[in-house]
Amino acid sequence: MSNGAPNVSRDTLATTLEQIATLLELQGENPFKTRAYRNGAETVRSYDGDIVAIAANNELAGIPGIGKALQDKLHELASTGKLEFYDKLRAQFPDTIFELFEIQGLGPKKIKALYQELEVGSIARLKEVCESGEVSQLGGFGKKTVANILEAIAFREQNASSFDRKTATHAAEMICDFLRTLPDAGQIEVAGSLRRGKETVGDLDFLVTTKNPQAVCDAFAAAPFVDRTIAHGSTKVSINLDNGLQCDLRAISADELPFALSYFTGSKEHNVEVRSRMRKRGVSLNEYGLTPIDEANAPEIPEIRTEADLYKFLELDYIPPALRENRGEFDAAAEGTLPRLIELGDLRGTFHNHTVASDGNATLREMAEAAIDLGLEYLGIADHSKSSFQANGLDASRLQWQIDEIRKLNDEFKQEGVNFRVFAGSEVDILKDGSLDFPDDVLAQLDYVVASVHNAFTLPEAQQTQRIIDAISNPHVTMLGHLTGRLLLKREPYAVDVNAVIDAAAETKTIIELNANPRRLDMDWRHWHSARDRGVLCSINPDAHSTKGLQMLRFGIDVARKGWLRKQDVLNTRTTREVERYLNL
DNA sequence: GCCGTTTTCGGCCCGACTGTTTTCAGTCG
C-alpha cells in the first residue's frame with residue numbers, strides 16, 4: 001500500500017461481502033440475493049490477481065459473479081476503506097450477532113426471531129434465555145430445541161470447529177476400518193473436503209453402499225467412537241467424535257455411488273457448475289442420479305457407473321477431486337489440458353529435515369534409515385542456524401562438524417552397499433534486514449540452503465516482502481522455507497505479498513518449499529498453479545523433527561495436487577544424479 | 001444481486017432430518 005491508500009486486504013473484501021449476506025438473511029432478504037453476495041465473497045477470495053488493486057481502481061467489470069452492485073461496493077470499500085451500505089447494516093445488530101451462526105441448529109430465521117423478540121445478540125445472552133425458559137415464548141422453540149441449543153453451546157465451548165489434515169485423515173482411516181467390519185457394508189468411500197485435499201477439514205463425509213441402509217446407519221450411530229449423535233435417520237447419520245470432529249454417513253445403493261460420490265465430494269462451487277452444465281443438457285443432477293428436466297424432450301442418458309462417466313456426459317475429461325474447486329478445472333477438462341497430478345510414489349527424496357543437532361529428536365543416521373525405509377533415495381538435512389537459539393540452532397563450527405558427519409555417513413552407506421545419499425544443508429534464518437544467518441563462505445560449504453523466516457512476524461507487509469526477496473536473492477539460497485509462516489488453526493500468516501515473492505523466486509531461480517507439515521502446508525495451494533506457470537520449481541518437504549515426521553510428505557502431496565502440480569514441477573521427484581546436477585555437486 | 005447458444009425477465013441445485021406449526025418450516029450439507 002502507498003500514497004496513504006486505505007489498508008484493505010482481500011480478506012476484508014471477502015469477509016465484508018459474507019457478512020452482508022448474513023445480515024441480509026437476518027432481514028429476511030431474498031435468498032438469491034444473499035447467495036449473490038456469498039458467491040461474490042468466494043470470487044474475491046479465489047481471484048487470481050490483485051483483486052484489491054483492481055477494486056480500488058474500479059476495474060472489476062467482467063469478473064463473473066461480480067455485477068454492477070458488487071463492483072460499486074467493492075470499489076467503495078477498497079478505495080476508501082469504508083462501505084456505507086455495510087456500516088448501516090451492521091448498525092442494526094450487535095457485533096456479536098455473527099457468533100450465533102456458529103451454534104448448530106440455528107440459522108437466519110431462528111436468530112432473527114431470537115433477536116427481535118428477546119434481544120438475543122450473543123451466545124452469552126442465548127444461553128441466558130434458554131436457561132431461564134424465556135425462549136419458549138417463541139413459536140418454534142420447544143423443549144427439544146432448547147436442549148439442543150444448550151448442548152451445542154457447550155460443545156462449541158469445548159471444541160474447535162476445524163481440524164488439521166493429519167487429525168482428519170487418521171480419524172477417517174479409523175472409521176473406515178470400523179465400517180469394513182459391518183456385514184451390510186459394501187463399498188466405503190470418504191468424500192468431502194478430505195477427499196479434495198483441503199488443508200483443514202470441518203467434517204468427514206462417508207459413503208457406504210448397502211442393501212440395508214437402516215442397519216448401516218444404526219451400526220454407525222452405535223459405534224464406539226461416537227461421542228454425540230446429531231442426527232440419526234434411515235439413510236443418513238451425523239455424529240461427533242470426542243474431539244468434536246463431525247462425521248456424516250450416507251447409506252446408499254451401489255447404483256447411486258457415482259452420483260453420491262460426486263455430490264458429497266464437492267466443492268459446492270464445483271457442484272453448482274456441474275449441475276448448471278447438466279441443466280444445459282436437459283438433465284437435473286442430484287446425489288441419486290440424473291433425471292430429464294422435461295420428460296417430453298428427454299435427452300438420451302448414458303449409463304453412469306463412475307464419476308468419470310458423469311464428466312464424459314458433459315464432454316469433459318475426468319476431473320480429479322483435488323481440482324474440484326471451480327478454479328479453472330472445467331476449461332482445462334474441456335480442452336483436454338488437465339495436469340497429470342503428482343503422486344506420493346513420484347517422490348524420490350526430500351529436503352528440510354531436522355536432527356538432534358538442533359530441535360529434532362532423531363539422529364542423523366536414524367533419519368536417514370527412516371527415509372530408506374520409506375523407499376527414498378536421498379534425504380536433505382537442514383537444521384536450524386544459530387539465530388534460532390530457541391531451537392538449538394547450529395553455529396558455523398557445529399555446522400562444519402555436521403557437514404563432516406554427513407560426509408562420513410555417506411561413505412558408510414557406500415561401504416555397506418546402500419544406494420542412498422544425505423545432502424548437507426541448513427535451514428538458515430532470514431534475519432530482520434533480509435541478510436542471512438551465515439556468511440556466504442559458510443553457506444558455500446553446503447550442498448543446499450533453505451532460507452526461512454522465524455522472527456519479526458509483525459513487520460509491515462512491504463518490509464516483510466522485501467526482506468524475503470533480499471534473502472532469496474542470495475545465490476547460495478536454494479529454496480525458501482514455509483513462505484508465510486502460518487500455523488493452520490493457530491497463527492495467521494505474517495503480512496507478505498506472496499505474488500511479489502513468487503515473481504522474485506522465478507527471477508532468481510529459487511525453489512519455493514511446499515512445507516508438508518499438516519500445521520503449515522505453506523505455500524498455500526491456491527498459489528501453486530500460477531507459481532508453476534511462472535516457472536517456479538517446488539520442493540515438497542516434511543520439515544521432519546522425528547523419523548515419523550517424514551511420513552508427513554503425504555500431506556504435502558495432497559496439497560501439491562490441489563495446486564495443480566505435476567511430477568516435473570517438483571525437485572524431489574528427480575533422481576539423486578539429477579538433484580546433484582541441479583545443485584552443481 | 002447475477003445472468004443469458006431457450007431468456008434483459010424470471011429463473012437461480014436439491015434432498016434428509018428434526019422438531020413441532022398436525023402438513024411443514026428451518027437447518028444443514
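This is a predicted model, so every value here is computed, not measured.
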Letter by letter from the 5' end, nucleotides 5-11 of chain B scores (B base, S sugar-phosphate only, - none; protein heavy atoms under 4.0 Å) -------
Generate the contact string for nucleotides 24-29 of chain B. Rules: B means base contact, S means sugar-phosphate contact only, - means no protein heavy atom under 4.0 Å. --SSSB
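Under the side-chain contact (heavy atoms from CB on, under 4.5 Å) test applied with A:Leu17, the options A:Thr12, A:Thr22, A:Leu70, A:Thr43 reduce to a single match, A:Leu70.
Going from atom CG of A:Leu24 over to atom P of B:dC2 covers 12 Å, rounded to whole Å. The distance from atom NZ of A:Lys268 to atom C1' of B:dC14 is 14 Å, rounded to the nearest whole Å. Distance A:Asn286 CG to B:dC13 P: 14 Å, rounded to the nearest Å. A:Leu207 places its CG atom 14 Å from the C1' atom of B:dA16, with the value rounded to the nearest Å. Regarding A:Leu74, its CG atom lies at a distance of 10 Å from the P atom of B:dC2, rounded to whole Å. A:Ile239 has its CD1 atom 18 Å from the C1' atom of B:dT18, to the nearest Å. In this entry the distance linking CZ of A:Phe141 with P of B:dT18 reads 18 Å, nearest Å. Here B:dA16 presents its P atom at 19 Å from CD1 of A:Ile230, a figure rounded to the nearest Å.
Taking both residues in full, the closest heavy atoms of A:Asn271 and A:Ser262 are given as OD1-O, 3.5 Å, listed atom of the first, atom of the second, then distance. For the pair A:Arg486 and A:Leu521, the tightest heavy-atom approach, listed with the atom from each and the gap, is NH2-O, 2.5 Å. The two residues A:Val237 and A:Cys217 make their nearest non-hydrogen contact at CG2-CB, 3.4 Å.
Distance check on atom C1': B:dG1 versus B:dT5 gives 24 Å, rounded to whole Å. Taking atom C1' on both nucleotides, B:dC12 is separated from B:dT6 by 16 Å, rounded to a whole Å. The same atom, P, is picked in B:dC17 and in B:dG11; the two are 30 Å apart, to the nearest Å. Rounded to whole Å, the separation between the P atoms of B:dG15 and B:dG10 comes to 25 Å. Distance noted for atom C1' between B:dC2 and B:dT8: 12 Å (whole Å). For the P atoms, the distance from B:dT20 to B:dT27 is 13 Å, rounded to whole Å. B:dG4 and B:dC13 have their P atoms separated by 14 Å, with the value rounded to a whole Å.
Listed candidates were B:dG1, B:dC3, B:dC13. Nearest to the side chain of A:Pro64 is B:dC3.
Distances shorter than 4.0 Å separate some side-chain N or O of A:Ser284 from OP1 or OP2 on B:dC14. For the pair A:Asn271 and B:dC13, the criterion of a side-chain N or O lying under 4.0 Å from OP1 or OP2 is not met.
At the heavy-atom level, A:Thr34 lies nowhere under 4.0 Å from the strands shown. At a threshold of 4.0 angstrom between heavy atoms, the contacts of A:Lys143 are confined to the sugar-phosphate backbone, with no base atom among them.
Residues A:Leu60 and A:Leu74 meet the side-chain proximity criterion, which asks for heavy atoms closer than 4.5 Å. No side-chain heavy atom of A:Asn58 sits under 4.5 Å from any side-chain heavy atom of A:Ser79.
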Donor-acceptor pairs under 3.5 Å, side chain of residues 103-118 of chain A to any protein atom, not counting sequence neighbours: which ones?
unit_1   : atom_1 : unit_2   : atom_2 : d
A:Gln104 : NE2    : A:Gln246 : OE1    : 3.4
A:Tyr115 : OH     : A:Gln92  : O      : 3.4

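With a 3.5 Å ceiling on both atom-pair distances, the Watson-Crick or G-U wobble partner of B:dG29 is B:dC14.
In this structure, B:dT7 shows a glycosidic angle within 90 degrees of zero, which is the syn conformation.
Taking the six-membered ring for Trp and thresholds of 30 and 60 degrees, A:Phe220 and A:Phe206 have ring planes inclined between 30 and 60 degrees apart.
If you find the closest nucleotide of DNA chain B to A:Tyr288 and to A:Val272, the one lying nearer the 5' end belongs to A:Val272.
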For a salt bridge (charged side-chain N to carboxylate O under 4.0 Å, His left out) check, start with the C-alpha distance between A:Asp255 and A:Arg305, then their side-chain angles and the critical distance, and finish with the verdict. CA-CA 7 Å; A:Asp255 291 344; A:Arg305 289 189 172 174; over 6 Å; no
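Looking at A:Arg534 and A:Ser530, their side chains do bring a donor and an acceptor atom within 3.5 Å of each other. Between the side chains of A:Thr210 and A:Asp184, no donor N or O sits under 3.5 Å from an acceptor N or O.
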